[in-house]
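These notes are about the structure you will find just below.
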There are 2 protein chains.
Amino acid sequence: MARSETRAQIVAAADRLIYERGFEHTSFTTIAEAVGLSRGNFYYHFKTKDEILAAVIDSRIETTRGMLRCWEDEAAEPAERIRRFIRIVETNGADIRDFGCPVGTLTAELAKLHHPSRPEAAALFTLFRDWLGTQFTALGHAAEADAMALHVLAFSQGIATLANAFGNEDFVRREVERLEAWLADCTSKSARS
Amino acid sequence: MARSETRAQIVAAADRLIYERGFEHTSFTTIAEAVGLSRGNFYYHFKTKDEILAAVIDSRIETTRGMLRCWEDEAAEPAERIRRFIRIVETNGADIRDFGCPVGTLTAELAKLHHPSRPEAAALFTLFRDWLGTQFTALGHAAEADAMALHVLAFSQGIATLANAFGNEDFVRREVERLEAWLADCTSKSARS
DNA sequence: ATCCATCTAGGATGATCGTCCTACCGGCTT
DNA sequence: AAGCCGGTAGGACGATCATCCTAGATGGAT
């Protein structure tokens with residue numbers, strides 16, 4: 001198989017495994033078995049475990065960029081775009097209940113490990129933060145756009161954490177509605193002004 | 001030294017280490033060095049690593065119970081009690097910026113590990129949930145008390161996660177104010193009815 | 001058919017992990 | 001003084017980890 005193909009397969013498998021089991025608890029052997037390759041062969045594709053992590057984070061950044069672009073294409077209205085973001089916790093409900101938010105849990109783990117890739121993981125948050133900020137600016141809240149973006153981000157993280165802890169889907173819908181109500185309130189204010 | 005004393009020392013050291021580095025990344029050796037005991041001596045006090053974790057969680061539950069009782073003693077007003085809870089993210093600001101919320105990060109890690117002590121860790125959340133629910137009931141919101149408790153809990157978790165990711169203290173204060181404003185709105189509603 | 005670059009398999013290495021065992025020490029009882 | 005017992009030290013154990021190396025397989029170009 002071509003080098004890049006195998007690499008992509010490894011990254012895809014590692015991505016999922018790191019999400020499900022955490023970075024530290026994901027071993028070379030586990031990834032190798034998932035891809036169907038021999039353990040020793042990894043050195044040819046990735047020299048260190050940290051290199052795999054970096055590739056996974058890069059891949060996630062690329063995927064996220066694509067998702068944001070997709071939301072921009074599908075929805076012209078900034079408020080509707082933000083709603084797309086808010087609803088991921090429902091869309092990916094099952095995964096979040098089982099494994100939490102991929103971004104939040106990875107960032108938290110890397111922080112505890114003092115891992116060099118921690119800033120890159122946090123950059124995933126920044127991606128959402130900036131994109132949401134752009135949408136709030138478009139809604140006419142330029143001055144508070146970043147604060148509002150962080151609010152939406154934080155709220156979503158909280159929902160994900162508790163959904164994972166309690167496994168309660170009623171709660172998720174309720175909090176999503178609460179956040180959407182807050183958003184509707186924001187847009188009505190911007191329409192008035 | 002008496003058995004119970006050493007045990008308490010081990011639990012205290014393990015508690016802190018598990019918070020700072022995560023459960024999996026905290027080894028027997030690390031805890032032993034922190035307490036100043038020999039590695040092998042642990043078997044006398046704790047037969048397995050999971051046993052230490054269970055003891056740490058029990059200790060945290062007891063500490064939390066004490067903190068909640070303290071808030072009840074210090075503040076007669078339910079709204080003020082809830083505000084005490086909300087402000088932990090500021091009180092423990094430095095720790096949260098470095099290591100996140102002790103409850104949230106531990107629960108998330110144990111979920112990924114499919115660890116048998118996961119329910120016990122989640123019970124820490126339940127402790128706060130029930131206590132907050134009691135306060136909201138006292139405020140006259142019996143019907144939505146649990147939902148409101150979960151909302152406060154989720155909000156706090158979100159703040160903690162992002163504070164850890166971005167290390168931004170302005171954000172923490174802003175979101176705390178937002179949550180306190182929401183709470184003030186709730187109490188004014190209950191006063192009116 | 002030969003050759004070379006690409007890719008793979010599988011084992012060796014040293015470190016660290018949780019776990020366990022046994023020899024030891026010091027203070028108390030008798 | 002003798003003996004016991006709660007507490008300790010330190011090393012051995014097998015497993016697993018990330019990493020590294022080397023021998024072999026594959027397949028297209030010559």
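The chains referred to below are lettered A, B, ... by the order of the sequence lines, with proteins before strands, and numbering in each begins at 1.
- Remark: B:Glu144 CD is packed, more than 12 non-hydrogen atoms of other residues, nucleotides or ligands lying under 6.0 Å away.
- Put simply, the side chain of A:Arg81 gets close to the backbone of A:Ala75: a donor and an acceptor are under 3.5 Å apart.
- Atom P of nucleotide D:dC17 and atom CZ of A:Phe23 are separated by 13 Å, given to the nearest angstrom.
- Between B:Arg3 and A:Thr30, the residue anchored nearer the 5' end of DNA chain D, judged by the nucleotide with its closest heavy atom, is B:Arg3.
- Atom OH in B:Tyr44 sits about 17 Å away from atom P in C:dG26, given to the nearest Å.
- Between the A:Arg60 side chain and the A:Asp15 main chain, a donor and an acceptor come within less than 3.5 Å of each other.
- For the pair A:Asn41 CG and D:dA18 P, the interatomic distance rounds to 16 Å; values are reported in whole Å.
- Taking atom CZ of residue A:Phe28 and atom P of nucleotide C:dT13, one finds them 19 Å apart after rounding to whole Å.
- The residue B:Ser4 sits apart from the nucleic acid: no heavy atom pair falls under 4.0 Å.
- Taking 4.0 angstrom as the limit, B:Ser27 places a side-chain polar atom (N or O) nearer than this to OP1 or OP2 of C:dC17.
- Side-chain N/O atoms of A:Arg39 and base N/O atoms of C:dG11 include a donor-acceptor pair closer than 3.5 Å.
- In this structure, the side chain of A:Lys49 engages the main chain of A:Phe23 through a donor-acceptor pair within 3.5 Å.
- Remark: B:Thr48 is not in phosphate contact with C:dG18, judged by side-chain N or O atoms under 4.0 Å from OP1 or OP2.
- At whole-Å resolution of the value, CD in A:Gln9 and C1' in C:dT8 are 14 Å apart.
- A sub-4.0 Å separation between OP1 or OP2 of D:dT19 and a side-chain N or O of A:Tyr43 is absent.
- The NE2-P distance, from A:His45 to D:dC21, rounds to 17 Å in whole Å.
- Set against C:dA9, D:dT19, D:dG10, the side chain of A:Ser38 has C:dA9 as its closest nucleotide.
- Under the 3.5 Å distance criterion, with hydrogens and angles disregarded, a donor-acceptor pair is assigned to the side chains of B:Ser27 and B:Thr30.
- Residue B:Arg7 contributes atom CZ, which lies 15 Å from atom C1' of D:dG7 at whole-angstrom precision.
- Taking atom CD of A:Glu33 as the reference point, atom P of D:dA18 lies 12 Å away to the nearest angstrom.
- B:His25 has no side-chain polar atom (N or O) that falls below the 4.0 Å cut-off from OP1 or OP2 of C:dC17.
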